[in-house]
Structure formats: C-alpha cells, structure tokens
Amino acid sequence: MSKIIGNALPGIPWQDRPEGCDKPIWRYSNNPVIGRHDIPIANSIFNSAVVPFGDGYAGVFRCDSLSVSMDIFAGFSRDAIHWEINHEPVTFEGEDPEVTKREYRYDPRVVKIEDKYFVTWCNGYHGPTIGVAYTYDFKTFHQMENAFLPYNRNGVLFPRKINGRYMMLSRPSDTGHTPFGDIFLSQSPDMEFWGHHRFVMGTVPGDLSAWQSMKIGPGPCPIETDEGWLLIYHGVLRTCSGYVYRMGCALLDLEEPWKVKMRSRYYLLAPEELYEQNGDVPNVVFPCAALTDADTGRIAVYYGCADTVTGLAFTTVDNLMDWMKKYPMPIR
Ligand code: BMA
C-alpha cells in the first residue's frame, strides 16, 4: 500500500471501478463534466485545472471563444462536478505591462503552495512560454514574470519547496505543433528566477512504448506519496492521420525529482470514447489536474477531451503504482 502525503478530501468526486473493468483508471459515467458551450462565448472548454478551495472547489479553465482565441477563465463548484465558470476571462494585475499584455493563454495548471494558489499556463510572449500568477481568492490574480524564454509549454509546479527551492516541470518546444518534446525540471528560490535545469525524462524510441514515442509533457501537479512524486503525464504518437494523445504516469524521487524511479510502459488512458475521439482536435486525452484524498488514496483526474470538452476519471495511488510495477519500463 502506498500513501498519499497531503490533505484528506472526503468530498472528492468518486465512483467505484465498474464491474468487469481491469484497467488502472476508469471514466466518470456522466462524462464530459464540462460541455463545450457551458458559457455563452465558448467554442470549447477543455485542458483545465481545479483545486479544493474554501468549502468547495475553484478552477481555472481553458476556454477557446467563438472567435477561437485561447484564454483562461476562473470558476467555482461545490462538488467539483457542476461548475459555474465566469463569463469573462481572468484579468491580471502586475507590475510590468510588458508581461501582463495578453497574446494568448492556454492549458492552465493550479496548485496551492503555502498560502497562495499559483496558476501556470502556456503564455504567448513572442512564442509560447510559461506564465506564472498567484491568487488568494480566484478573483484577483497577480501576474509574475514569465518563467522561461520562449518556447516552452506545460509548466507544472510541485506543491511545495523541495530542499528550499520551488520546482517546475516543463516541456521546451518550438513555435508550432512541436513534433518533439521531453520533460525538464527547473528550480527557483523565489518563483521568479529559474535555473538549475535538469532533464527528467524523454520520449521512448522504437516500439517499446510507442504511445509516448513523439513527445511527452507533464500533466497535473505531481502528487506526493511515501514512495516518491507521482506524475501523470501525456504522451503523443504520430500516426498517418495526426497526433494521438494518451495518458501515462511516472514516479519521481522525493528529494531529487529529476530522477525517475518508475514509469508506465503501458498507457493509462487513451481516446476511446466518442467525446475523446471526436471534436475540434480528434484523439486527445490531455490531463491537467488531479484531486487527491490522502485518507483513501483516491485520485480524480481532470482531462481535456479532443480539445473540446472536459472529462473526469478515477483511480487510486495503488492502482497507478501497481500498473508501473506490473508493466515496468527500463529507465534510461
Ligand atoms: C498541444 C496543446 C494542447 C492541445 C494538444 C492537442 O500542443 O496545444 O493544448 O490539447 O496540442 O491539440
């Protein structure tokens, strides 16, 4: 039995594994939890992040508008399933208009560190880079400096300092639909200056684990367990009819989280349902958030489906650990 290190969350959304299912993760029976038109100007609401907040939950949602511009919107929920998403995007306060100027914003992640909720997202600044902001109430957001130079995507913070430093995973990329990508880790004393960059893990060549052979990227903020940091991530395969995005997991060292202890050779979840296979970008499952309950080991994963709607899936820390142990991948 592995143990999640963190808070209890008795109200975590949950359904037991369906009869006859032998997979490590299973979908919510009422998926998608957020529809593409759930706010009036939305074309699609997908790769989005949620956290426990007050008596309920708050989130930051990627919503592409009817003009198909990409932005992030705050929202609130009592049960983490029914969401009230603001009809206007987040506006940021910040010291330097050069930084707060909006080009585009997408794929947010949210994590509570000490007394603040930090939001990271893919931020347009002469190419995609990682925007960083914090909020106390999901109403006022203070934007900090971009973490990196372009080009970078999928900035994902660890939920606490490790050895005195904030840590962020990311995926250096290029201007377009990057046909490559490995996961790196960067460290900061203050959330502003990032350095001490470390390679974490890369794509898998050949056909050992082809679902992650073209690019990979970190998903939800890593989950602390007594065995290491549990990372859920996406992996991409290039096929003759486009990219296919699947979900996998890895276990990172607690003290030196750029060291990979285990990694899933078999994927966890692939686009199989109609809402994952069909949409603005077909065949995409793209995890961006996970709620956890330390008492039961339950994990609820939020993921974008076909760049159109948001899905929810359930697993436990033991299911993920067992999957990696049962179908191990050699760590290079
Ligand atoms: C990635 C990002 C994600 C998107 C995915 C599939 O490069 O743009 O937002 O979900 O492609 O289109």
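Both backbone and side-chain heavy atoms feed into the values below; hydrogens, waters and symmetry mates do not. Everything numeric in this text was worked out from a predicted model, so none of it was measured.
For H197, the NE2 atom is densely surrounded, since the number of other residues' heavy atoms within 6.0 Å is greater than 12. With a 6.0 Å radius and a threshold of 12 heavy atoms from other residues, nucleotides or ligands, R78 has its CZ atom at or below the threshold.
Listed by chain and number, the residues in a side-chain contact (heavy atoms from CB on, under 4.5 Å) with A147 are I130, V132, M168, W194 (sequence neighbours excluded). In this structure, the side chain to side chain donor-acceptor pair (under 3.5 Å) partners of R109, at least two apart in sequence or on a different chain, are N154. Applying the side chain to side chain donor-acceptor pair (under 3.5 Å) criterion to N7, with sequence neighbours excluded, gives no partner residue. With sequence neighbours excluded, the residues satisfying ring pair (Phe, Tyr, Trp, His ring centres under 6.0 Å) with F61 are W83. Under the rule for a ring pair (Phe, Tyr, Trp, His ring centres under 6.0 Å), Y243 has no partner lying at least two apart in sequence or in another chain. Contacts of F184 classified as ring pair (Phe, Tyr, Trp, His ring centres under 6.0 Å), with partners at least two apart in sequence or in another chain: F199. Under the side chain to side chain donor-acceptor pair (under 3.5 Å) criterion, R298 pairs with no residue, sequence neighbours left out. Considering only residues two or more places apart in sequence or on other chains, D38 meets the side-chain contact (heavy atoms from CB on, under 4.5 Å) condition with I34, I45.
Among pairs with a residue in residues 18-27, those fulfilling side-chain hydrogen bond (donor to acceptor under 3.5 Å, both in side chains) read R27-E276, at least two apart in sequence or across chains. Screening residues 311-327 for salt bridge (Lys or Arg N to Asp or Glu O under 4.0 Å) gives E227-K325 as the qualifying pairs, with residues at least two apart or on separate chains. Applying the salt bridge (Lys or Arg N to Asp or Glu O under 4.0 Å) rule to pairs touching residues 257-269 yields E256-K259, sequence neighbours excluded. The stretch residues 173-202 participates, sequence neighbours left out, in no salt bridge (Lys or Arg N to Asp or Glu O under 4.0 Å) pair at all.
A distance of 8.0 Å separates CG of N283 from CG of N278, quoted to the nearest 0.5 Å.
Classified by interplanar angle (parallel below 30°, tilted 30° to 60°, perpendicular above 60°), the ring pair F76/F53 is tilted. Using cut-offs of 30° and 60° for the angle between ring planes, the Y166 and F118 rings count as tilted.
Between the side chain of N163 and the main chain of E255, a donor-acceptor pair closer than 3.5 Å is present. In this structure, Q187 contributes its side chain and R165 its backbone to no donor-acceptor pair below 3.5 Å. Within the 3.5 Å criterion, the main-chain N or O of L312 finds a donor-acceptor partner in the side chain of N31. For the pair T316 (side chain) and G297 (backbone), a donor-acceptor distance under 3.5 Å is absent.
Of the residues T296, I223, T225, the one that meets the side-chain contact (heavy atoms from CB on, under 4.5 Å) test with V317 is T225.
Remark: K215 fails to qualify as a cation-pi partner of F180 under the 6.0 Å distance and 45° angle criteria applied to the six-membered ring.
The hydrophobic cluster containing M70 does not contain V99, counting ILVMFWY residues as joined when their side-chain heavy atoms lie under 4.5 angstrom apart, directly or transitively.
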**Request:** Report the C-alpha separation of Y125 and E98 in whole Å, then their side-chain angles, then the decisive distance to 0.1 Å, and conclude whether the side chain to side chain donor-acceptor pair (under 3.5 Å) test is met.
**Result:** CA-CA 9 Å; Y125 182 71; E98 178 69 9; 2.6 Å; yes

**Item:** Stepwise side-chain contact (heavy atoms from CB on, under 4.5 Å) test for I4 and I299
**Value:** CA-CA 10 Å; I4 292 177; I299 301 173; 4.1 Å; yes

**Message:** Apply side-chain contact (heavy atoms from CB on, under 4.5 Å) to residues L231 and V260 and explain how you reach the verdict.
**Reply:** CA-CA 10 Å; L231 175 68; V260 179; over 6 Å; no

**Message:** Using the rule given for ring pair (Phe, Tyr, Trp, His ring centres under 6.0 Å), can you reason through F92 versus W121, listing the C-alpha separation, both sets of side-chain angles and the distance that settles it, and then say yes or no?
**Reply:** CA-CA 13 Å; F92 290 96; W121 67 95; 4.8 Å; yes

**Asked** Stepwise, does the side chain to side chain donor-acceptor pair (under 3.5 Å) test hold for N146 with T129?
**Response** CA-CA 7 Å; N146 291 321; T129 183; 5.5 Å; no

**Request:** Starting from the C-alpha separation in whole Å, work towards a yes-or-no answer on side chain to side chain donor-acceptor pair (under 3.5 Å) for R171 and T178.
**Result:** CA-CA 10 Å; R171 209 275 303 289; T178 317; 5.1 Å; no

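Between A42 and L66, the shortest heavy-atom distance links the atoms O-CD2, 3.6 Å.
Taking the six-membered ring for Trp and the full ring otherwise, F138 and Y117 have centroids separated by under 6.0 Å.
Looking only at atom types and distance, the side chain of S77 has no donor-acceptor partner in the side chain of H82 under 3.5 Å away.
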